[in-house]
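Read the structure below first, then the notes.
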2 protein chains.
Amino acid sequence: MQKTKLWYISTNSLFMGLPEKEMKVMASIMRTDEIKKKNRVYTAGDKSDKIYMLKEGMVKLSRLSDDGRELTVELLEPGDIFGELSIAGEEERETSAEAIEDSMICAINRQEFEDFIGKNPGFSLAITRFIGFRLRRIESRLENLIFRDVRSRLQMLFSDLAAKYGQQSQEGLRIKLKLTHQDIANLIGSSRETVTLEINKLKKEGSLQVDGRNYTLTEKVFS
Amino acid sequence: MQKTKLWYISTNSLFMGLPEKEMKVMASIMRTDEIKKKNRVYTAGDKSDKIYMLKEGMVKLSRLSDDGRELTVELLEPGDIFGELSIAGEEERETSAEAIEDSMICAINRQEFEDFIGKNPGFSLAITRFIGFRLRRIESRLENLIFRDVRSRLQMLFSDLAAKYGQQSQEGLRIKLKLTHQDIANLIGSSRETVTLEINKLKKEGSLQVDGRNYTLTEKVFS
DNA sequence: TGAAAGATGTAAGGAGGCTTACACTTGAGA
DNA sequence: TCTCAAGTGTAAGCCTCCTTACATCTTTCA
C-alpha cells in the first residue's frame, strides 16, 4: 500500500506535537515527486526556493570542487528534511542533492513553509532545533578534519554510521548501507586509495568485517 | 553614557520587526554581565542552558583538541548572538567562549528564550535564519579545508575578515583587528610557522601590507 | 551471458605542511 | 623604563597522505 503524505508527516519527529488539522494543512502544501537513482533534486547554483522531505529512498547532499572532487555533506534517510537553508537566506543552492536510490520526495514552497512556521510557533522551534543539530554535526566534522588523521576519521565515520544505520548481528554491529571506498573517501575528506588501505588495516586488526559492500564493526574500538 | 539593553535590542537585526512591547519583554529577561579579557563565558563541558548576546568587546568561540591545539569557530562582534545551540538540543557546551577584549554580555535563560520564541513567530524565523547562516558558513569552511591549501585558505580568511572588519584606506582595505599568527593558524587549521611563511610570501608579492599587527589588503587577489 | 564499466588492491614517488629548534624582535606590564 | 613573556623569522627533517599507475576483481545491463 502506498503510504500517504499525512502518514509521513504524522510519524516524523519534526511535526510531532502539531494538531492534526495543521498536519493536514502541511500535507496539502506538499507536492510529491519521484526521483530516479543518480538524478538530482537540485544542483549547486539552482534557485533556492523549496524545502524537501525525503519519503522513500536515499539522497546524498554534496559539494563539488572546481576540479571535480566531491565532499559529501550528508546522507539522508526517509523522514529527513533537506534544502531547508532556503529559509535561511540562501538564494542559490550551495550544495547538490542527488538520489542514490530510487526515491520519493515531497516539495514545499519556501513562502508557504514560512507562512506555516509563522502560524505554528512550536513547529518553528522544531525547525530551529533541526538546523541546530546539523550545525553541531558539521562543526564536529570540521574539528575532526583538523585534529585527526585519516584512520581516526574513518573509525569515527563507522561509529557514526553504525549509530544511524547499525543493526545488531552475530558478529557485531552491521551497517545497513552500501558504500564504495570512493563514497567513504568523500565523507571523510580523503582519497579512495588511502581509504582502501586503512579499511584493510582495520580488517587485518579484526575490528572490521567486510563482505561484499557490507561493513560490520566487531570491536568497540568504535566508541 | 551607558547604552541600555533596550538600545542593543532595538538596533539588533535579529529583533527587527518585533513590537516595542516585546523588545521590552526581551530586555527584562536579559541579565547583563561583565567579562574581562582572557576570561571565559563558558567552557566546553559546561551545562548548556543560556543564550548570550555580546554587547561590547569581542568574544572568540573555539574547540580544543585533547593535546591542546585550538580551532577557532567564530569571532564575535557586538550584537552577535552566541550559545544559541542550547536551544538545539545541546546538553553540554561543545565549544568554549572566551573574551578576547574586555566585554559586556547579556545572558538569557534557555527556557525563557524558548517561551519568547513561542510567542513571537516572526522572531523564531529570524533565529532559524541566524543559525542557518552559521551553518552555511561552517559548511563552506569545511569545504575549503578539504579542497584548498594553506595559501588559499589564508587568502580567503583575509577577504572574509576584510568584508566584516575592513575599512577603506589609502593603501587598500585595512582590517581593524589585531591577530597574531597563532590566531590566524587557529582560524584556518594550520600551524603558526606555516602561517608566518605564507604571510611573508603575500607581503613580498605585494598583495598584503602589514604594520605592527594590522593587515591591509592591497590587491584584489582577495575576491 | 558477455562486454564494458565500476570498484578494489597495491606500490612507488613526491609534495605539502607539520614538528622541532633556536635566534631575534616586539610589546605589555611591573 | 626595564624586564620578561609573547610573538615572529627561518630552516632542516620528516611524516602523512595524495598522485599516478596498473592489475585484478565485481557488478551492471545490453
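So you know, we letter chains A, B, ... as the sequences are listed, proteins then strands, and number each from 1. Values in this document were obtained by computation on a predicted structure and should not be read as measured data.
Two residues are said to be in side-chain contact when any heavy atoms from C-beta on lie closer than 4.5 Å; A/Ile127 and A/Glu84 fail this criterion. Within the 4.5 Å cutoff, the side chain of B/Ile184 has heavy atoms near those of the B/Phe158 side chain. Side-chain contact between B/Met53 and B/Met26 is absent, with no heavy atoms from C-beta onward closer than 4.5 Å. Side-chain contact check for A/Arg141 versus B/Ile138: every heavy-atom pair is 4.5 Å or farther apart.
Between A/Arg136 and A/Glu139, no side-chain nitrogen of the basic residue sits less than 4.0 Å from a carboxylate oxygen of the acidic one, so the salt-bridge criterion is not met.
Put simply, CG on B/Asp211 is 14 Å from C1' on C/dT26, counting in whole angstrom units. Taking atom NE2 of residue B/His181 and atom P of nucleotide C/dT25, one finds them 16 Å apart after rounding to whole Å. When rounded to the nearest whole Å, the span between CG of A/Leu208 and P of C/dT8 equals 13 Å. In this entry the distance linking CG of B/Leu154 with C1' of C/dG16 reads 15 Å, nearest Å. Atom pair A/Tyr215:OH and C/dA7:P shows a separation of 12 Å (rounding to whole Å applied).
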Item checked: Derivation and outcome, side chain to side chain donor-acceptor pair (under 3.5 Å), residues B/Arg192 and B/Thr196 -> CA-CA 6 Å; B/Arg192 200 275 305 165; B/Thr196 300; 3.1 Å; yes
Checklist line | A/Glu92 and A/Tyr42: CA distance, side-chain angles, deciding distance, side chain to side chain donor-acceptor pair (under 3.5 Å) verdict | finding: CA-CA 10 Å; A/Glu92 292 185 353; A/Tyr42 54 78; over 6 Å; no
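At distances below 3.5 Å, not a single donor-acceptor pair connects side-chain atoms of A/Arg63 with backbone N or O atoms of A/Val73. With hydrogens and angles ignored, the 3.5 Å screen pairs a side-chain donor or acceptor of B/Asn12 with a backbone N or O of B/Gly79. Looking only at distances, a side-chain donor or acceptor of B/Lys5 sits under 3.5 Å from a matching main-chain atom of B/Met30.
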Check nucleotides 10-19 of chain D for protein N or O atoms closer than 3.5 Å to its own N or O atoms and list the pairs.
residue, atom, partner, partner atom, Å
D/dC17, OP1, A/Val150, N, 3.0
D/dC18, OP2, A/Ser190, OG, 3.2
D/dC18, OP2, A/Ser191, N, 3.4
D/dC18, OP2, A/Ser191, OG, 3.1
D/dC18, OP2, A/Thr194, OG1, 2.8

Mind listing the N/O atom pairs, protein and nucleotides 23-30 of chain D, below 3.5 Å?
none

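Rounded to 10 degrees, the angle between the two end axes of the helix from C/dT1-D/dA30 to C/dA30-D/dT1 is 60°, with five pairs used at each end.
B/Thr180 and B/Asp183 are linked by a side-chain donor-acceptor pair at a separation below 3.5 angstrom, with hydrogens and angles left out of the test.
OP1 and OP2 of C/dG9 both lie 4.0 Å or more from every side-chain N or O belonging to A/Lys201. The side chain of B/Lys178 contributes no N or O atom lying less than 4.0 Å from OP1 or OP2 of C/dA28.
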